[in-house]
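Before any comments, here is the structure.
Since the model is a prediction, treat every value here as computed from it, not as a measurement. Every heavy atom of this structure was used, including side-chain atoms; hydrogens, water molecules and symmetry mates were not.
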Amino acid sequence: MFRGLFRKYLAIFFSVVIFFVFNLAILGTNIYTSQKIAESAVSINLSGRQRAMSQRMSKSLMLVQDNMLRGQSQDADLRELAFAVNIFDTTIRGFRDGAVVTGGDGNPVFLVQVETEEGHRIVRDAYEIWSPYLIRLQPLLRSPDFSIEELEDAVAYMRANNVPLFDLMNALTFELERSANQRANLLWWVQIIGLSAVSFYVLYIVFIAITGLIGSDRNLAKARKETGEILGTVKEGLFLLDREYRLGSQYSKSLRNVLRREVFPEMPFMPVLEEMVSKEVYENARDYIELLFGDRVKEALVTSLNPLSQVEVRGKEGEESLYLNFNFNRVLEEGKIAHLLVTVQDVTELVQLTAQLDVAKGQSRVEVEVLLKLLNTDASVLRQFLDNVGKGLAQINERLRSEDDSEKARLHLLNHIMRIVHGIKGEAAALNIEMFEGYAHGFERELVGMREKGEVRGEDMVRITVLLDGFYERLASITNIAEKMAGSGGGVDADERYLQTFVGSVQNLASRIANDEQKAVDVVCDLGDIVRLPRRIANELNSITIQLLRNAVKHGIEAPAEREAQGKSANGEIHVECKEVERDEYEFTVRDDGRGISAGKIRKELVQKGLLSEEDANALSIDAVMLCLFEPGFSTAATADRDAGHGVGLDVVAEKIMRLRGHLTLNSKAQAFTEFKIRFSV
């Protein structure tokens, strides 16, 4: 089988091999040339430094002479001279022989030997000037007790050769730049030629594939036409039955009339049969069909045992029973039983089966929609989301097993579960995974109902367990899809891909909530530093952003007409920023230009909910009023929906800030802005 496939697709196989060979050749050339360009960059940098060092030596030497004539100390100038001489000498030796020298940043770097003939000439000429120069400088560098004659000799040589030496270093720089440009041009042409060749082979592979597909489609269409003509003229119901007891994709045109109901490919057969015949006949027929699919029994020996020969079938209400005859014949593929060819007449309509299949179709559509959305989600972010969900559900499961079963402990557990479920809902909403968001929202609503009763009973704990099982089922379903998607990531850098997903999910969530609220919002993200953080911290900030974004769009940003009446732009703006303010110290900010936080509204809500008297509420300081926003169950929303009203969002934010060991600063001004600023250390 494999040999036949190989021969059939030989051209495609060799084309793919050549494609990979070209890619490897281009990659190898790019790596080699890039390495050489990097070496050239080091050489150019150090040759430029040589020009500067030649001038520093001249300047230091002149200062030594001047200070000596004035009777002043030459120590600092001699140190500067020694430094410049050492750098110039080791570097020019590196250009001549290749060596490890001090780089421009003060760290050791390998300087390759100049490779061009012109470069060798320049270095050789420069060394002929430098060698005598270095000899004249040695008395000044060895001891501070040098003579005036030795100094004047060195200065005189410097004056005579400084310009030529500088010009040679300048020429060396130009030569190295010319060589680097040649390598860059070579790399450019290699890439152009290589990519052109690769493109040609890709087009060739596509051409071969399309040609083969066209031929296969023609043959398949011809075969289908012939099969259709046969099945369209036969008078009996005719279909294939596979090992899973489903109809094949091809069946006779008369089958619908014979069965008196709709049929379709891969329709389950046994539920239909169970509905039509008695229980005893059904059980015998099931055993008989199973026997036919077995390899041990010969077909001729069991033909007489067919329980569906001239079998009575229950008709519809008001109709008489029908007698149908089912004949079964084995169909072999490569010596093994693959199908049963079934001939049948007169079958009743499959009402119950049709209803079940409609449900199955609906479930299939949901799974397809989920798969399409997951395919648009970055695989690493999806895996992190599923991992967070798994950990959250594990925490809930562990707490449900806790031995403490007091009323107070149950209420505390309920608030803890609500924070986890709300966090899952927020992340799912940001990733647009409606299966999780919708289920989490329903879960959250039931938890809110339990909390509003004022007591959490044992049956409530049982209900939470049932809801938790539903979460696990959805987690397993999406995890299975995610595993199939594993390894499908593109060539984008992981940090860049993570940042794009972070920003995209935030902006998509804001747009969705704004549309629901009939508002207009622009989200401006300045999150370049977030990729420098550990993923654990970045994911916590992502969850915090989701909660604060919901609050900003739902509570802070005004409707366009209201904003324009206040002299603002119709579109609200939310700014999300993460920056490193000091070493390993970060500041994360979410700021909106909405209506701000109303302390009066919070006090009024505290009174209406019966949490405080009017006198006590008015006595609260501004800081105490703001802290109420972070209490479990507190919300100023008039109604509860999937984005607000359950009093969980800022509770989640507070918990995550504590987990980061961060410090929150909340600033707000009426009709101007609300700003959440979180400072934390890594």
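Evaluation of the ring pair (Phe, Tyr, Trp, His ring centres under 6.0 Å) rule for F443 yields F471 as partners, not counting sequence neighbours. With sequence neighbours excluded, the residues satisfying salt bridge (Lys or Arg N to Asp or Glu O under 4.0 Å) with D242 are R246. Residues meeting the side-chain contact (heavy atoms from CB on, under 4.5 Å) test with E580, sequence neighbours left out: D529, R532, D584, Y586. Not a single side chain to side chain donor-acceptor pair (under 3.5 Å) links E283 to another residue, sequence neighbours left out. Residues that satisfy the ring pair (Phe, Tyr, Trp, His ring centres under 6.0 Å) test with F676, not counting sequence neighbours, are absent from this structure. Y282 is linked by a ring pair (Phe, Tyr, Trp, His ring centres under 6.0 Å) to nothing, counting only residues two or more places apart in sequence or in another chain.
The NZ atom of K656 sits 11.5 Å away from atom CD1 of I678, with the distance rounded to the nearest 0.5 Å. Once rounded to the nearest 0.5 Å, the distance linking CE of M626 with OG1 of T674 reads 7.5 Å. Between atom CG of residue L241 and atom CE of residue M270 there is a gap of 8.5 Å, rounded to the nearest 0.5 Å.
Taking a 6.0 Å sphere around CD of Q566, one finds it holds more than 12 heavy atoms contributed by other residues, nucleotides or ligands.
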List the steps and the verdict of salt bridge (charged side-chain N to carboxylate O under 4.0 Å, His left out) for K669 and D593.
CA-CA 9 Å; K669 182 178 180 181; D593 65 344; over 6 Å; no
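Listed for the K579 side chain is no donor-acceptor partner under 3.5 Å among the backbone atoms of D526. Within the 3.5 Å criterion, the main-chain N or O of L620 finds a donor-acceptor partner in the side chain of R603. Remark: side-chain polar atoms of N542 are not paired, donor with acceptor, to backbone N or O of A538 under 3.5 angstrom. Here the side chain of Y245 pairs no donor or acceptor atom with the backbone of I289 at under 3.5 angstrom. Using a distance-only test at 3.5 Å, with no hydrogens or angles considered, no donor-acceptor pair links the side chain of K677 to the main chain of F588. Judged by distance alone, the side chain of S668 and the main-chain N or O of I597 form a donor-acceptor pair under 3.5 Å. A donor-acceptor pair under 3.5 Å links the side-chain atoms of K568 to the main chain of G594, judged by distance alone.
Ion pairing of E573 with R563 is absent here, as no side-chain N (NZ or NE/NH1/NH2) approaches a carboxylate O to less than 4.0 Å. Under a 4.0 Å N-O distance rule, the pair E605/K609 qualifies as a salt bridge. Between R595 and E562, at least one side-chain N (NZ, or NE/NH1/NH2) sits under 4.0 Å from a carboxylate O, which counts as a salt bridge.
D616 and S613 share a donor-acceptor pair across their side chains, judged by distance under 3.5 Å alone. For H422 and Q547, the side-chain atoms include at least one donor-acceptor pair closer than 3.5 Å.
I557 has its side chain out of reach of N571: every pair of non-hydrogen atoms, C-beta onward, lies at least 4.5 Å apart. With contacts defined as side-chain heavy-atom distances shorter than 4.5 Å, the pair F502/V531 does not qualify.
Both cation-pi conditions hold for R591 and F673: the charged atom is under 6.0 angstrom from the six-membered ring centre and inside a 45 degree cone around its axis.
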